[in-house]
Amino acid sequence: MSHKDFIEEMADLNMAYLLLLQRMIAEDKPSACVKFGIDESLADWIESLSPTKLVMLARSNLALVSLRFDEKIMKKLAGEGPRDDLSARLHGLIMALKTK
Amino acid sequence: MMERHNKNISKRSAVFLGEEIRLAQRAFELGARKWVVAQETRLPEAVLNRLMQELDAVHIGMLPVSLDWFEQWEHSQEISLFYTIWKRFERQQNHFLEKLNVVYFNYKSFFKSWYIVPRLDYTRAYMALKKIERDELISCRCSQCNISFFTSKKLDEKYLCAFCKTEHKKMTNKDKNRMITDILQSVGLPDISMRYRCSSRK
């Protein structure tokens, strides 16, 4: 059994996430807030972060990305429904946007 | 200095006009009809015509104003999605058209990732918003998923939306047959013989 701790991969994921978030905030802040589910003050803070701070944050040994929605919404977003994929996804999307 | 500069910007100033032209351009790019932009901006008709000509926007007229279109289930669910996004942006921008542009762009981007064209176009979305504002479309909350949908009549408190209804409904043979026909049509095959159809008879 391997005992890999995935710390490097997690740091890469965090870095990719933060960079994308920073770019999206710079381009279109309101859209970034909706898509990432963050509030405006957090968006402002992330936008102001220097590259050094970003690296430090990314290497915090924890995954900064987490699943935002509960199981019910996630299943719908994946298109799991009794009838129609699109309906399930649309339903999931509205529910997800309402939560955050 | 900035404050003095802002005070000088009246609604007839060149700066305000330039801002409105930029917003109108964005609206046309998103598929707005001329009357929507004319209603929400102070731009003269000649400017709008020239803008449309330069952007190759298609000149199309009014849409029917009846409520029937908005009440169809397929359209109603998209209005609900649009309005959910609208609610999040409601207090953010000053100019109505700017807000509408941002919300419609976001709304459209969800469908883009699914490779589907949304049924609710820019103008319909604008009309839906106005109808909600005028209380012609009333919000009805689903008792199960708590999402608001819009109808012209007030529904009872135990209202269950079609999303939640289909979850409880067992698939009948008729539904299965319809699904088979849809799949066959989507891959370009003819609707083959009846012996493959689902039936309760053995």
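Note on naming: letters A, B, ... go to the chains in the order of the sequence lines (proteins, then strands), and numbering restarts at 1 for each one.
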- Item | Sequence-distant partners of Asp28(A), salt bridge (charged side-chain N to carboxylate O under 4.0 Å, His left out), two or more places apart | none

- Residues of residues 135-143 of chain B under 4.5 Å from chain A (heavy atom pairs)? Arg141(B)

- Item | Counterpart residues, salt bridge (charged side-chain N to carboxylate O under 4.0 Å, His left out), relative to Glu9(A) (two or more places apart) | Lys4(A)

- Item | Phe150(B): ring-ring contact (aromatic ring centres under 6.0 Å, His included) partners, not counting sequence neighbours | Tyr83(B)

- Message: With a 6.0 Å cut-off (strictly less than), is the heavy-atom count around CD of Glu71(A), excluding the residue itself, greater than 12?
- Response: no

- Query: Among Glu78(B), His75(B), Lys131(B), which one satisfies side chain to side chain contact (heavy atoms under 4.5 Å, CB included) with Phe70(B)?
  - Reply: Lys131(B)

- Query: What is the ring orientation for Tyr104(B) with Tyr107(B), classed by angle as parallel under 30°, tilted 30 to 60°, or perpendicular over 60°?
  - Reply: tilted

- Message: Heavy-atom pairs under 4.5 Å with chain A - which of Asn146(B), Ile147(B), Val103(B) has more of them than the others?
- Response: Ile147(B)

